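Any value given below was found using the heavy atoms of this structure, including those in side chains, with hydrogens, waters and symmetry copies removed. This one's a predicted model, so the numbers in the text were calculated from it and none came from an experiment.
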Amino acid sequence: MRDTRHRLPHLHLPRHPHLSAALAALAALLLALLTPATSAHAAPTGFRVENGRLLEASGNDFVMRGVNHAHTWYADWLDALDHIKAKGANTVRVVLSSGDRWTRNDTADVANVVAQCKRNRLICVLEVHDTTGYGEQSGAVTLSRAADYWIEVRDALVGQEDHVVVNIGNEPYGNTDHTRWTADTKAAIQRLRAAGFDHTLMVDAPNWGQDWAFTMRDNAASVFAADPDANTVFSIHMYGVFDTAAEVSDYLGRFVAAKLPVVVGEFGHDHSDGNPDEDAVLSVTRQLGIGYLGWSWSGNGGGVEYLDMVENFDPDRMTSWGRRLFDGPDGIAATSEEAAVYRSGPGGDTTAPTAPGAPVASAVTSSSVALSWGAATDAVGVTGYDVVRVAGGQETVVASAAGTTATVTGLAADTSYTFAVRARDAAGNRSARSATVTVTTAPGPAAGSCAVGYRVTGEWPGGFQAEVVVRNTGSAAVDGWTLRWTFPAGQRITSLWGGTATQSGAEVSVAAAPYTATIPPSGSVSLGFTGTRSAAGADPTAFSLNGAECSAA
């Protein structure tokens with residue numbers, strides 16, 4: 001979606017033009033004539049397109065059934081992938097940032113996202129969000145810049161062609177200069193191919209993804225022909241422009257008739273620019289065998305909170321939209337099939353690794369603990385480990401690692417936690433749980449041993465920048481910390497430096513960065529962030545550090 005937390009919500013989007021029957025017929029004929037003939041291409045190493053269908057390396061037809069997850073703004077909520085899989089999805093579209101508008105997701109983070117998708121047996125569609133509304137949205141970047149980013153993080157993606165689809169840039173044009181989409185999209189595809197990307201590529205439509213001017217629809221054949229691998233999928237976002245079943249059916253049907261691969265990369269049950277016909281999206285995609293990815297799991301703001309499928313990332317608090325998408329007619333539970341790459345057929349690897357050794361805790365602070373454990377064994381090979389927190393008979397993945405050590409962060413001070421470890425192999429088999437270890441974090445600073453200063457350093461329409469100074473007024477060093485506060489007036493953080501921010505509604509939690517984790521006695525650290533708000537509002541006044549209330553600095 002448009003970044004529902006930070007972007008313009010299509011309030012100004014013009015209604016789509018209605019073509020006459022003659023023009024519609026002519027457009028369909030041109031699409032058919034322009035569709036490239038099948039030709040020989042390099043053998044794909046993973047997903048591939050044939051006759052307008054997306055196939056896995058095995059040759060199985062693959063139809064995406066999944067949701068979007070706003071990872072770049074909620075980097076600490078990767079356990080959402082567990083919950084998305086548990087509700088039946090076979091695909092997740094993950095929001096990333098090139099660093100031009102929000103905090104950059106680097107190579108290590110992208111590799112971890114891919115690993116988590118694979119652990120949860122989900123196909124991973126990765127998209128760069130910084131292109132959203134280019135030409136109209138302030139700060140948006142070009143598809144060329146998005147291509148730069150993919151090339152920079154290529155090491156995280158090489159060899160993952162059967163698990164990952166690269167969605168070059170989210171909604172890469174607004175309503176200004178959108179006719180440039182065709183040339184820019186071709187150039188971006190060709191740059192990635194020249195850089196060695198063998199993945200299936202996905203390209204979003206212009207007009208904030210909704211293609212009301214039909215730029216993508218009418219130029220899709222030439223864009224597909226420009227891909228030397230003939231391995232590009234087109235993504236349409238269906239919001240207010242697609243408010244009737246006829247419009248949904250006509251748009252998708254033209255791609256199918258022209259044998260051009262298409263998915264509904266985003267859609268919702270309501271929106272500020274109109275009332276999408278979500279029932280038609282679900283019904284037509286089922287009839288045509290087309291994939292869809294609903295927006296979005298959780299974390300929406302800016303007036304479109306109704307697009308959350310679960311409240312506050314809690315899988316047990318599904319919204320009406322979540323229930324419709326997952327459990328309603330033609331929904332995910334009824335139509336999703338797991339990717340063949342994860343299914344163990346005859347002769348496949350069905351043997352789980354042995355259980356790892358019991359974890360051993362060290363370096364316990366008020367907000368983190370380091371764990372190490374004995375290696376598991378597997379007939380084929382262990383590919384990674386998941387550290388789980390055990391509470392009330394349930395498990396929550398809190399860290400993942402390729403080796404036998406991990407650090408769990410973001411813990412509350414003076415609190416008891418129980419951890420265990422599971423191993424996994426390349427086939428997705430998970431081991432039995434290891435023995436557990438129980439750890440009590442160190443006490444946080446006593447009340448009154450911290451002080452926080454907060455000031456707005458810049459403002460502009462709809463946004464602002466602020467500085468937060470955290471002071472240690474006690475006699476002992478603070479070693480690891482989590483700062484919490486509550487925003488008034490619907491304010492939201494878009495990018496923060498000096499720590500990692502998590503926001504749920506008005507509640508903000510900031511975990512220390514490695515270079516700000518230690519605050520010596522009488523010392524301080526500074527954080528900065530940019531945020532959005534609909535109007536000038538009051539500043540937060542109450543802060544806590546590791547659970548202890550801080551005075552005003």
Side-chain angles (χ1 to χ4, degrees), residues 71 74-83 106-120 313 352-378 381-426 428-444 477-483 499-500 502 509-518 545-547:
H71 171 69
Y74 297 100
D76 294 333
W77 290 92
L78 266 176
D79 61 345
L81 302 189
D82 296 76
H83 307 315
D106 61 16
T107 304
D109 185 54
V110 174
N112 184 47
V113 168
V114 173
Q116 296 307 308
C117 286
K118 293 170 67 176
R119 181 183 68 78
N120 285 289
F313 291 91
T354 62
V360 176
S362 61
V364 180
T365 73
S366 59
S367 62
S368 65
V369 59
L371 299 173
S372 60
W373 54 88
T377 60
D378 184 74
V382 174
T383 57
Y385 297 88
D386 298 316
V387 178
V388 297
R389 186 176 70 213
V390 183
Q394 296 187 343
E395 295 182 4
T396 302
V397 176
V398 292
S400 296
T404 57
T405 61
T407 299
V408 182
T409 60
L411 306 178
D414 200 17
T415 302
S416 178
Y417 294 91
T418 299
F419 300 104
V421 183
R422 291 184 184 269
R424 45 189 160 78
D425 63 18
N429 301 307
R430 298 183 77 198
S431 74
R433 194 171 74 192
S434 73
T436 61
V437 62
T438 299
V439 180
T440 300
T441 53
V478 175
D479 184 12
W481 52 264
T482 299
L483 181 71
T500 300
T502 301
S509 175
V510 179
Y515 58 90
T516 61
T518 301
L545 190 72
N546 292 341

Undergrad: What distance separates Asp76 CG from Thr502 OG1, expressed to the nearest 0.5 Å?
TA: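 OG1 of Thr502 is found 4.0 Å from CG of Asp76.
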Undergrad: Do Asn112 side-chain atoms and Ala108 backbone N/O form a donor-acceptor pair below 3.5 Å?
TA: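 Such a contact is absent between Asn112 side chain and Ala108 backbone.
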Undergrad: Taking all heavy atoms of Ala423 and all of Pro353, pick out the closest pair and write down the distance.
TA: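 Minimum heavy-atom contact is CB-CB, 4.0 Å.
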Undergrad: Quick check: does any side chain N or O of Ser368 sit under 3.5 Å from a backbone N or O of Thr365, one acting as donor and the other as acceptor?
TA: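 It does not hold such a pair.
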Undergrad: What heavy-atom pair brings Ser434 and Pro359 nearest, and what distance separates the two atoms?
TA: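 So the minimum-distance heavy-atom pair works out to OG-CD, 3.5 Å.
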Undergrad: Would you give the length of the straight line joining atom OG1 of Thr405 to atom CH2 of Trp373, rounded to the nearest 0.5 angstrom?
TA: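 The OG1 atom of Thr405 sits 6.0 Å away from the CH2 atom of Trp373.
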Undergrad: side-chain hydrogen bond (donor to acceptor under 3.5 Å, both in side chains), that's the test. Do Thr438 and Thr418 meet it? Break it down for me.
TA: CA-CA 4 Å; Thr438 299; Thr418 299; 3.1 Å; yes
Undergrad: Backbone N or O of Thr482 within a donor-acceptor pair of the Asn546 side chain at under 3.5 Å?
TA: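 Looks like yes, one N/O pair under 3.5 Å.
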Undergrad: Please report the closest heavy-atom contact between Tyr385 and Ala376, naming both atoms and the distance.
TA: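 Looking at all heavy atoms of both residues, the closest pair is OH-N, 3.0 Å.
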Undergrad: Decide yes or no for Ser362 and Ser372: does some side-chain heavy atom of the first lie under 4.5 Å from some side-chain heavy atom of the second?
TA: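 Heavy-atom side-chain distance check fails, nothing below 4.5 Å.
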Undergrad: Could you check if a side-chain atom of Phe313 sits within less than 4.5 angstrom of a side-chain atom of Asp79, using non-hydrogen atoms only?
TA: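 Phe313 does not reach Asp79 side chain to side chain.
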Undergrad: Indicate the atoms forming the closest heavy-atom contact of Ser366 with Thr441, along with that distance.
TA: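 Distance-wise, the nearest heavy atoms are O-CB, 3.8 Å.
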Undergrad: When you check the gap from the basic side-chain N to the acidic O, do Arg119 and Asp82 get nearer than 4.0 Å?
TA: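 Salt bridge flag = yes for Asp82 with Arg119.
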Undergrad: Under a 4.5 Å cut-off applied to non-hydrogen side-chain atoms, are Val408 and Arg389 in contact?
TA: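 A side-chain contact is absent here, since even the closest heavy-atom pair is not under 4.5 Å.
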Undergrad: Identify the two heavy atoms, one from Pro356 and one from Arg422, that lie closest to each other, and give their separation to 0.1 Å.
TA: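 Looks like CG-C, 4.0 Å.
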Undergrad: Hydrogens and angles aside, do Thr354 and Thr377 bring a side-chain donor and acceptor to less than 3.5 Å of each other?
TA: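 Side-chain D/A pair, Thr354 to Thr377: present.
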Undergrad: Looking at every non-hydrogen atom in both residues, tell me the closest pair between Val510 and Trp481 and how far apart they are.
TA: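 In terms of heavy atoms, the two residues are closest at O-CZ3, 3.5 Å.
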Undergrad: Between CG of Leu371 and OG1 of Thr407, what distance do you get to the nearest 0.5 Å?
TA: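 Here the interatomic distance stands at 7.5 Å.
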Undergrad: Out of Thr436, Val390, Val369, Val388, which one pairs with Phe419 under the side chain to side chain contact (heavy atoms under 4.5 Å, CB included) rule?
TA: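 Between Phe419 and the candidates, side chain to side chain contact (heavy atoms under 4.5 Å, CB included) is satisfied uniquely by Val369.
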Undergrad: Give, for atom CG of Asn120 and atom NE2 of His83, the distance between the pair rounded to the nearest 0.5 Å.
TA: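 One gets 9.5 Å once the value is rounded to the nearest 0.5 Å.
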Undergrad: Ignoring hydrogens and angles, tell me if any N or O in the side chain of Thr500 forms a donor-acceptor pair with the backbone of Ala511 under 3.5 Å.
TA: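 No; zero donor-acceptor contacts below 3.5 Å.
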